[in-house]
Amino acid sequence: MLDIHQLRTNLDAVIERLAERGYAFDREAFLLLEAERKQFQGRAQDLQAARNAHAKKIGQAKARGEDAAPLLAEAAAINGELGDLEGKAADVQLRLHEFLSIIPNLPHESVPSGRNADDNVEVRRHGAPRSFDFAPRDHVDVGAGLGMLDFETAAKLAGARFSVMRGGVARLHRAIAQFMLDTHTEQHGYTEVYVPYMVSGECANGVSSLAKFKDDLFKIEGRDLYLIPTAEYPVTNFVRDEILAADSLPLKFVCHSPCFRSEAGAYGKDTRGMIRQHQFDKVELVQIVEPEQSYLGHEELTAHAEAILKMLELPYRTMVLCTGDMGFSSAKTYDIEVWLPAQNAYREISSCSNFEAFQARRMQARFRREKGKPELAHTLNGSGLAVGRTLVAILENYQNADGSVTIPPVLRPYMGGVEKLSRP
RNA sequence: GGAGAGGUGGCAGAGUGGUCGAAUGCACCGGACUCGAAAUCCGGCAUACGGAAACGUAUCGUGGGUUCGAAUCCCACCCUCUCCGCCA
C-alpha cells in the first residue's frame with residue numbers, strides 16, 4: 001500500500017510514476033473520496049466530542065444528585081445525528097482503503113521504463129552455454145528416457161500441471177533443495193524456517209492484494225485459508241503487527257516449501273513438462289531490513305541466488321525488470337534466467353524484489369530505533385532458487401548423448417556420491 | 001470431540017458502568033547527586049487519524065449489541081492455556 005500522505009501532498013508525481021508501470025490512477029475518484037472523508041470524519045468527530053462532554057456532565061450531575069433530564073435530552077439529539085454520520089464516515093474510510101489497497105507500488109528511480117518483458121534490461125551474464133555434439137533433448141524426454149519423470153501418472157492423480165518423479169530424479173530434486181538450504185544457512189547467514197503451507201486471507205493481503213489476485217491462489221473450501229503460492233506469504237508475515245528492535249535487523253530467513261498456483265490465465269502456456277506447475281518446490285530468501293539498507297540488501301540477496309547457479313555451473317543472465325513488467329508490490333525486481341538448451345533460451349529461475357515499505361505498510365511491520373517512533377521496515381525476497389526449474393536446468397544442461405545425466409559435483413555429496421543418473 | 005480458565009501498554013500486572021488511555025512494578029529516555037559508576041531522587045515514556053498549534057477523535061483479542069456513558073454488562077467469533085478422549 002502506498003503512503004496516503006504522499007498522495008495528499010504529491011498526487012501528480014505519484015500519478016505520473018504509476019502511469020510508467022501502466023497503472024491508470026483515478027484522480028477524480030480519489031479527490032472525491034478524500035473530500036467525503038474530511039467532511040464526514042470532521043463532523044463525526046465533533047459530534048463524538050459533544051457526546052463525550054455530555055456523558056461526562058451527566059455523570060457529574062448524577063453524582064451531585066441533580067436532575068439530568070435536560071442533558072439526557074440533548075445527548076439523545078446528538079446521538080441521533082451521530083449514528084448516521086459514524087456510518088457514513090466508516091463507509092468512506094472503507095472505500096478509501098479499498099481504493100488504496102489495489103494500487104501497485106511505485107517503481108524505484110533506478111528501474112528502466114518500459115511496457116513489458118521486451119523492455120527488461122540485462123545487467124550481467126555468467127557462464128557460456130555448452131555446445132552439444134548431439135541434439136539436446138528437453139527435460140521431459142531426458143526424464144522419461146531415464147524412467148524417472150512421469151507426467152501420465154501425475155495426470156491420473158491430479159490432472160494437468162503436476163509431475164511424478166521416481167528414483168534418481170526424485171532424489172536429485174531433494175538434493176537440490178538440501179544443497180540450497182545448506183548454502184544459504186552456512187554461507188549467506190540465513191536462518192532456516194519451516195512454515196504453514198496455508199495462510200489466512202489477511203496474510204495474503206499483507207504481501208499482495210487478495211482482492212486483485214485471489215484467482216491465482218488455491219483456496220481451502222469453507223475456510224479463510226489459501227495454499228501458499230510462495231513461502232514469501234508465510235515468512236514475510238512473521239513480522240506482521242510487530243514492532244521490532246532496530247538492533248534485531250536485518251532478519252534473514254530461508255525457507256524450503258512447496259508452492260501452489262492456479263495458473264489461471266496461463267492456459268496453453270508452457271504446457272509441456274515441469275516449467276509451469278500447479279505445485280512446485282522453492283527455496284525462498286526473505287529479508288526484513290531498515291529502509292536505508294534495503295537496496296544494498298536487494299543486491300546481496302540477488303547475489304545469494306546467483307551464487308547457487310555459479311556453484312551448479314549453470315549459465316545464467318540477470319535482468320532488471322522494467323516498470324511495466326514488475327509485480328504488484330515490487331519497487332524493483334531482478335529476474336535471474338537460466339539457460340535451457342532445448343529451448344535455446346534463458347528462462348526465469350528466480351525473481352528477487354525490494355518492496356520497500358509497501359508490504360510493511362499493509363502488514364504494519366515496524367521497527368523502533370533508540371528512543372524513536374516506530375518506523376515501517378523494508379521487506380525483500382527472492383527465490384534462491386526454484387527447485388523444479390533447477391532440476392529442469394540440470395537435466396537439460398548436464399545430459400549426455402547416451403541419455404544419462406551427469407550430477408553436478410556440488411550435489412554429489414547429497415546423492416550418496418552418485419556421479420551420473422542412468423536408466424536402471 | 002467434551003469440560004474449564006484466560007486474552008489490558010515493550011514486558012509483568014491492577015482495574016467489573018462515569019473525571020480510565022488506563023494504577024503499580026520492570027525495562028527504556030532525560031535530568032539531579034557523583035571524579036566516574038552503582039544506588040537514590042525528579043521528570044518523561046502506547047498507536048493511528050485530523051489539526052499550523054492548542055487540542056480533538058478512535059483503539060483494552062475481533063465484530064456486533066445494551067446505555068446519556070463500556071476495558072468493565074450481553075451475544076457471536078478468533079486465539080492461548082489446563083484436563084479428558086482420540087490420533088500421525
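Because the structure is predicted, anything quoted here is derived from the model rather than measured. Per chain, numbering begins at 1; letters A, B, ... match sequence-line order.
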Give me the distance, rounded to whole Å, that separates [N] from [M] when you measure between the [atom1] atoms they each carry.
N	M	atom1	value
G10(B)	G36(B)	P	35 Å
U34(B)	G21(B)	C1'	38 Å
U16(B)	G85(B)	C1'	36 Å
A27(B)	G9(B)	C1'	13 Å
A71(B)	G7(B)	P	16 Å
G17(B)	G69(B)	C1'	8 Å
G25(B)	G43(B)	P	12 Å
C81(B)	A76(B)	P	23 Å

[X] [atom1] - [N] [atom2] separation (whole Å):
X	N	atom1	atom2	value
I58(A)	C68(B)	CD1	P	8 Å
I78(A)	G69(B)	CD1	C1'	12 Å
E202(A)	C77(B)	CD	C1'	14 Å
K38(A)	G56(B)	NZ	C1'	17 Å
Q41(A)	A48(B)	CD	P	15 Å
F367(A)	U47(B)	CZ	P	14 Å
L82(A)	U67(B)	CG	P	15 Å
Q364(A)	G10(B)	CD	P	13 Å

Look at atom CE of M198(A) and say whether more than 12 heavy atoms of other residues, nucleotides or ligands are closer to it than 6.0 Å. no
Would you mind classifying the nucleic acid contact of [X] as base, sugar-phosphate or nothing, using non-hydrogen atoms under 4.0 angstrom?
X	answer
R37(A)	sugar-phosphate
K62(A)	base
A76(A)	nothing
D46(A)	nothing
A55(A)	base

Salt-bridge criterion met for D270(A) and R347(A) (N-O under 4.0 Å): yes
State whether K269(A) and E263(A) are salt-bridged, where the test is any N-O pair (Lys NZ or Arg NE/NH1/NH2 against Asp/Glu carboxylate O) under 4.0 Å. no
[N]: pairing nucleotide in any strand, Watson-Crick or G-U under 3.5 angstrom:
N	answer
A76(B)	U62(B)
C68(B)	G18(B)
U34(B)	none
G1(B)	C84(B)
C28(B)	G44(B)

For U19(B) and N52(A) - does any side-chain N or O of the residue sit under 4.0 Å from the phosphate oxygens OP1/OP2? no
Notebook entry, point to check: So, is R51(A) near the phosphate of G56(B), with a side-chain N or O under 4.0 Å from OP1 or OP2?
Noted result: no
Contacts of H54(A) and Q93(A) projected onto RNA chain B by closest heavy atom; the upstream (5') one is Q93(A)
Result for 5'-nearest mapping on RNA chain B, choosing between I4(A) and K56(A), is K56(A)
Ignoring the backbone of [X], work out which of [options] is nearest its side chain.
X	options	answer
R366(A)	G69(B), A48(B), C49(B)	A48(B)
Q60(A)	U57(B), U19(B), C68(B)	U19(B)
R368(A)	A46(B), A58(B), C49(B)	A46(B)

Distance col, row F367(A):CZ vs I243(A):CD1, nearest 0.5 angstrom, shows 11.5 Å
Check whether the ring centres of [X] and [Y] lie less than 6.0 Å apart, and answer yes or no.
X	Y	answer
F218(A)	H278(A)	yes
F99(A)	F25(A)	yes
Y190(A)	F253(A)	no

